[in-house]
2 protein chains.
Amino acid sequence: MNNSARDRVIVMTQQQTAAVTGAARHPFVEKLNRYTVLCNEEQATLSSLLARTRTIHRGRDIVVQGRPHQALQVLNDGLALRYKILADGKRQILNLVVPGDLIGLPACMFESAIANVSSLTDISVSTIEYKDLFALFHRHPRVAIALFWTSAREGGVYIERLTTIGRRTAYERLAHLILELLFRLRAVGLAGPASFEMPLTQEMLGDMLGLSLQHVNRMIRNLREEGLASVEVHKVTIHDMDALVRLAGFEEIYLSQARIPGLA
Amino acid sequence: MNNSARDRVIVMTQQQTAAVTGAARHPFVEKLNRYTVLCNEEQATLSSLLARTRTIHRGRDIVVQGRPHQALQVLNDGLALRYKILADGKRQILNLVVPGDLIGLPACMFESAIANVSSLTDISVSTIEYKDLFALFHRHPRVAIALFWTSAREGGVYIERLTTIGRRTAYERLAHLILELLFRLRAVGLAGPASFEMPLTQEMLGDMLGLSLQHVNRMIRNLREEGLASVEVHKVTIHDMDALVRLAGFEEIYLSQARIPGLA
DNA sequence: CGTCAGGTTGAGGATGATCAACGAATGTGG
DNA sequence: CCACATTCGTTGATCATCCTCAACCTGACG
C-alpha cells in the first residue's frame, strides 16, 4: 500500500502529458508500450491508426450480439461493459472495458458478435479496420507481439472471474470484484490508492457476479458493518485493504502489465 | 444439425491423412490452416517448430500456478485440464485442452503462471520457446495473425462458461457443458455425431460447473430420466439433441473456426 | 407534483451444499 | 487367489446460501 499513491501520481502525470501533447499519446499506445518499448515509428503508425476518434453517449450499444462487423474498436476514454443476454432475459456482465482496451475482444472475432458492448459513460473510440490490423502485423511485428500478449492476458481476467463465480461465496465475490476494479482502474489513472468512482448500479454488480441485486445490497452492508469497505452511490472506498484482500483471496498478478520476457 | 455428420467425416479424413504423412501434419497447423490458408513455407516453419515432441503420462502437472516459465507448449495428442486451486483447497476447472491448443494460454503469459494445467490422459506436447515465437512473428506475419485470432477466440469459451455458471441453473449448466464438449471434441475428430469418450469424473464436471459432485450426479440422472442424454463411466451419448440444445440455450457459433474475414 | 431509477429491508422458499452411508470396480500386496 | 485399499458413483436427509416477492424510501428530473 505504501507506494501505491506514488504509482498513481506517475500515471496521472502520464495522463496529463497526454493532454498536453494531444491525441498522439493514447492509452492503447501507452499500454502496448508497457509490454515492450516501442520505437518512434511504431508509435507513430499506431497513433495514426487511432487518429480518427468518435464520441458515443452513455447507454448506447457499440457491439450487438449476433450482428456482423468488419472492424475492431479501441476505447480511448470513458468506460464500457461487455455482456451477454440469455433467451430468458437474464444478463451476465462479462467485463468492464477501460481506456486502452480493445472493445471487440473477443466478441468480434467471430462471424457475428457473440456478446454486446455498451457504453457506461460517454466514451471516445477509434476504429481499426481488419485490413489495417493485418497491415500492422506485416509492418510492425513487435507491435503485433505486444498485441498478441495483451489480448492473451485478457484471458486472465476471465479465468479469475470464472473461479470467483464458480467457487467463492457471495461475500468473497463482491470483495474480489471491488479489488479487481480498483487495480484495473488504477492502472489507467482512474482510481486513487484505495478508492474509485464507480458508475455501476447494484444490479450491474449482481449481473457481474451471478447474484441478485438484493443480495449484493446485503453484502455491501456487510462490508460496511465489518469496516472493510463502503460502496456509496458512485464511489467505492476501501477501509481495510489487508482484510479485504484476505477475504477475497485476491492476487493481483493476473492484472500485471509487465514487460514481455526476452523481447528486445 | 444436418451436415454435422458430413463435417465430421471431413475432419476424420484429415486426421487419417495426418497419420499417413507423419508428424508434418499437426493438429495445431491444421487449426491455423483453418483460419487462413497457409503456404508451404509457412506450414514448414510451423512444423519444424513443433517437430520435437515429448510424451507425458496422465495425471502430471505441465504448468503449475506461481511457477515461472519461458516457453509455451502445444498439445499434439491427448487431453489436459486447466484449473485453479484456491487457498482453501477449492478447485475451479477452467477449460478442457484439446489437441492443437496452446497449453499455456493464458496461464503462461504472466511472470509466473496464474493457473495449472495437468494431463488428463497420456499426452504428447511440443514446446515453443518465446524467442522462436517472436521470430515467427517477424518471418510469417500471416501465421502471427492466425495465432492472434485463435487465441482471441479462446476468450469466447471463457465468456460462455462465465454466463453458464453465472446465470444458468445446474441442470442447464450440465447440458451446456455436454454440448460444448461434444462440439469441441468433434472439431478435432475425437467425437461422433452425438457421443464421445469422456475421461472426466463427476467431481471434475462439478469443478467445471461450480457444483458439488453429488448435485452433478443428480442432474445426470435427470438427463437420463428425461431421455435427453446418458453419461456413463467414460462415455457421453446424446439422445435428444434438439431438446438438449433448447434446455442449454446452446449456440455453437462461439466454437466456430471459420476463416478470418478479408485475409488473403 | 408525479414518475422513475436506484437503493434498502424483510419474509418465505428453492436451489444446491454438506454430511453420511453404501455399492461397484479396479488395483495391490501378500 | 484373496484381503484390502482406493477411486468413483449413487442415494438420502438435513441445512444454508441465496433467490424471489413485496414493500417502501430517496433523489433526480420533467
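In the text below, chain A, chain B and the rest are named by the order of the sequence lines, each starting its count at 1. As the structure is a prediction and not an experimental result, all values here were calculated from the model.
Atom-to-atom, CE of B:Met204 to C1' of D:dT7 comes out at 11 Å; the value is rounded to the nearest Å. We find that CG of B:Leu174 is positioned 15 Å from C1' of C:dT15, with the value rounded to whole Å. One atom, CE of A:Met219, and another, P of C:dT9, lie 13 Å apart when rounded to the nearest Å. Atoms CZ (B:Arg173) and C1' (C:dA17) sit 12 Å apart, rounded to a whole Å. As rounded to whole Å, 21 Å separates atom P of D:dC18 from atom CZ of B:Arg168. Following rounding to the nearest Å, B:Leu223 (CG) and D:dT10 (P) show an atom-to-atom distance of 13 Å. For the pair B:Lys90 NZ and D:dT17 P, the interatomic distance rounds to 11 Å; values are reported in whole Å. B:Glu232 places its CD atom 10 Å from the P atom of D:dT10, with the value rounded to the nearest Å.
When only modelled atom types and interatomic distance are considered, A:Asn76 and A:Ser124 share a side-chain donor-acceptor pair under 3.5 Å. For the 3.5 Å distance criterion, the side chains of B:Ser119 and B:His57 fail to qualify, holding no donor opposite an acceptor.
Nearest to the side chain of A:Gln214, among C:dA20, C:dT9, D:dG9, sits C:dT9. Side-chain proximity of B:His215 to C:dT8, D:dC8, C:dG16: nearest is C:dG16. Taking every side-chain heavy atom of A:Leu211 into account, D:dC19 is the closest of C:dT8, D:dC19, D:dC8.
Taking side-chain N and O atoms only, B:Arg218 has no distance below 4.0 Å to OP1 or OP2 of D:dT10. Put simply, B:Arg221 has a side-chain N or O that comes within less than 4.0 Å of OP1 or OP2 on D:dT11. Regarding contacts with the backbone of D:dT10, a side-chain N or O of B:Gln202 is found under 4.0 angstrom from either OP1 or OP2. A:Asn217 has no side-chain polar atom (N or O) that falls below the 4.0 Å cut-off from OP1 or OP2 of C:dG7.
Side chain of A:Arg173 to backbone of A:Leu211: no donor-acceptor contact under 3.5 angstrom is found.
Cation-pi geometry between A:Arg186 and A:Phe183 is met: under 6.0 angstrom from the ring centre, within 45 degrees of the axis.
Taking both residues in full, the closest heavy atoms of B:Tyr171 and B:Leu223 are given as CE1-CD2, 3.5 Å, listed atom of the first, atom of the second, then distance.
Each of A:Ser212 and B:Ile220 lies near DNA chain D, and the nucleotide nearest B:Ile220 is the one positioned closer to the 5' end. Each of A:Arg224 and A:Arg167 was assigned the nucleotide of DNA chain C with the nearest heavy atom; the assignment lying further toward the 5' end belongs to A:Arg224.
Across all strands, B:Gly210 comes closer than 4.0 Å only to sugar-phosphate atoms, never to a base (heavy-atom distances).
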